[in-house]
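Reviewing the structure listed below.
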There are 2 protein chains.
Amino acid sequence: MSDLLERLRGRGWRMTPQRRVVAEVLAGEHVHLTADEVLARAAARLPEIARATVYNTLGELVALGEVAEVAIDGRAKRYDPNAHRPHQHLVCSGCAAVRDVRPDGDPLADLPAAERFGFTVLEVEVTYRGLCADCA
Amino acid sequence: MSDLLERLRGRGWRMTPQRRVVAEVLAGEHVHLTADEVLARAAARLPEIARATVYNTLGELVALGEVAEVAIDGRAKRYDPNAHRPHQHLVCSGCAAVRDVRPDGDPLADLPAAERFGFTVLEVEVTYRGLCADCA
DNA sequence: ATATTGACTTGGACCAAGTCCATTGTAGGA
DNA sequence: TCCTACAATGGACTTGGTCCAAGTCAATAT
């Protein structure tokens, strides 16, 4: 779980208690916390951490490519530490649970030239929606 | 363009000047306005229209299935009158232009059973990102 | 070990998007 | 034309997020 910490240190990222707890909170698979959830969990370990620090740190982790920002609903953005592997998301419309998934094939290839309107298409973001086993 | 109005009338939707201008503003292809943009354009025709009315009306159009709500970025939701035909979106990272596109195949079919985690998958939302001809 | 300093953190004000609600207005049927 | 249920209003409120001036501290150089 602390390979994220390792990588950050290796990249010369200045380590502070605040940054460390934010990175620790984000460790793991299928983690998709909102900024406020990150703040709440970080504050449980380090009560004086400021909200702005959480936003700053998340923003840097995103800029470094270590964490992905995902806009699953129109509400708060979520932060996904599983950024090193390309993947998509499966979301439960009932309870908002999120799973990382890897569809077959390359979704980018499914967009024919005639539908590209002269764009240079660089990436694709797929969100599957449905009901999880508990909500069905 | 006013087939939207027709359909709404046909479904017994109570027509008012406010609802009519909102529906008119949304008419057309490749239209993806934010609520505030809808408000601004509606207000150009009907200056006393209230913000809450625009939100209410958009919410009803979405509930009726006549307009789709799309969360293209983490910012304001956009409203897409092209809801009768399933389609996906192609977004320019430079200027935020949005085009409706129809990829080959069914993206839903690309998610193997092993990656469904017991979910009943009902729909899929795909956002292609890149640079348009002008921004490239 | 200590001084230095530029980067990091803080907290509070501010902003944008959206919701809520009590009041007022009106579309459309009798 | 009158009623009344439904719609619109506007202003307060909430949520999610950004900004900034001031204070603090991690890392480096001495």
Side-chain angles (χ1 to χ4, degrees), chain A residues 5 8-26 32-64 66-80 96 98, chain B residues 5-6 8-26 32-64 66-80 96:
Chain A
L5 272 298
L8 291 170
R9 246 184 263 269
R11 296 178 68 167
W13 198 54
R14 182 166 166 181
M15 193 54 66
T16 69
Q18 293 84 347
R19 289 174 166 203
R20 191 172 40 71
V21 297
V22 168
E24 283 171 359
V25 159
L26 280 174
H32 305 88
L33 300 174
T34 63
D36 271 0
E37 288 165 349
V38 172
L39 171 59
R41 297 186 189 199
R45 289 156 158 270
L46 191 67
E48 48 289 311
I49 194 170
R51 189 217 264 266
T53 300
V54 170
Y55 277 100
N56 288 343
T57 304
L58 290 172
E60 280 170 58
L61 291 172
V62 170
L64 287 168
E66 293 290 350
V67 163
E69 201 173 61
V70 293
I72 274 167
D73 50 17
R75 322 281 300 189
K77 289 173 191 156
R78 292 178 175 272
Y79 294 87
D80 182 348
V98 182
Chain B
L5 272 298
E6 291 304 321
L8 291 170
R9 245 184 263 271
R11 295 177 69 167
W13 199 53
R14 182 167 166 179
M15 192 53 65
T16 69
Q18 292 85 347
R19 289 174 167 203
R20 191 171 39 71
V21 296
V22 168
E24 283 170 1
V25 159
L26 280 174
H32 306 88
L33 301 174
T34 63
D36 271 0
E37 287 165 350
V38 172
L39 171 58
R41 297 186 188 202
R45 290 156 158 269
L46 191 68
E48 48 288 312
I49 194 170
R51 176 202 273 277
T53 301
V54 170
Y55 277 101
N56 288 342
T57 304
L58 289 172
E60 279 170 57
L61 291 172
V62 170
L64 288 167
E66 293 291 348
V67 164
E69 200 172 60
V70 294
I72 274 167
D73 49 18
R75 323 280 299 189
K77 289 172 191 158
R78 292 179 175 274
Y79 294 87
D80 182 349

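Computed from a prediction, not measured in an experiment: that's the story for all the values here. A note on names: the letters A, B, ... follow the listed sequences, proteins ahead of strands, and every chain is numbered from 1.
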Inset, instruction - Examine distances only and state if a side-chain atom of A:R19 and a backbone atom of A:W13 form a donor-acceptor pair shorter than 3.5 Å. - result: no

Legend entry - Test item: A:R45 side-chain N/O and A:E24 main-chain N/O as donor-acceptor pair under 3.5 Å: no

Between [atom2] of [N] and [atom1] of [X], the distance in whole Å:
{"X": "B:R20", "N": "C:dT26", "atom1": "CZ", "atom2": "C1'", "answer": "14 Å"}
{"X": "A:N56", "N": "C:dT10", "atom1": "CG", "atom2": "P", "answer": "10 Å"}
{"X": "A:I49", "N": "C:dG11", "atom1": "CD1", "atom2": "C1'", "answer": "13 Å"}
{"X": "A:E37", "N": "D:dT15", "atom1": "CD", "atom2": "P", "answer": "14 Å"}
{"X": "B:R19", "N": "C:dA27", "atom1": "CZ", "atom2": "P", "answer": "12 Å"}
{"X": "A:L39", "N": "D:dG17", "atom1": "CG", "atom2": "C1'", "answer": "12 Å"}
{"X": "B:D73", "N": "C:dA16", "atom1": "CG", "atom2": "P", "answer": "15 Å"}
{"X": "A:D36", "N": "D:dT14", "atom1": "CG", "atom2": "P", "answer": "15 Å"}

Choose from [options] the nucleotide whose nearest atom is closest to any side-chain atom of [X].
{"X": "A:A76", "options": "D:dG16, C:dA17, C:dT9", "answer": "D:dG16"}
{"X": "B:A50", "options": "D:dG10, C:dG18, C:dT10", "answer": "D:dG10"}
{"X": "A:A52", "options": "C:dT9, C:dG11, C:dA17", "answer": "C:dG11"}
{"X": "B:T53", "options": "C:dG18, C:dT10, D:dA8", "answer": "D:dA8"}
{"X": "A:R51", "options": "C:dG11, D:dG17, C:dC20", "answer": "D:dG17"}

Non-hydrogen atoms of [X] and [Y] that approach each other most closely:
{"X": "A:R78", "Y": "A:H32", "value": "NH1-O, 2.6 Å"}
{"X": "B:A76", "Y": "B:T34", "value": "CB-CG2, 3.9 Å"}
{"X": "B:L8", "Y": "B:A23", "value": "CD1-CB, 4.3 Å"}
{"X": "B:R11", "Y": "B:L64", "value": "NH1-O, 3.1 Å"}
{"X": "B:Y55", "Y": "B:D36", "value": "OH-OD1, 4.3 Å"}

Legend entry - Nearest-nucleotide comparison on DNA chain D, the residue closer to the 5′ end among A:R75 and B:R75: A:R75

Inset, instruction - On DNA chain D, check which nucleotide each of A:R78 and B:E48 is closest to and give me the residue with the more 5' one. - result: B:E48

Legend entry - Phosphate contact (D:dG17 OP1 or OP2) by A:Y55 side-chain N/O below 4.0 Å: yes

Inset, instruction - Ignoring backbone atoms, test whether A:Q18 places a side-chain nitrogen or oxygen under 4.0 Å from the OP1 or OP2 oxygen of C:dT10. - result: yes

Inset, instruction - Take nucleotides 24-30 of chain D nucleotide by nucleotide from the 5' end and write B, S or -, depending on whether a protein heavy atom sits under 4.0 Å from the base, only from the sugar-phosphate, or from neither. - result: -BBS---

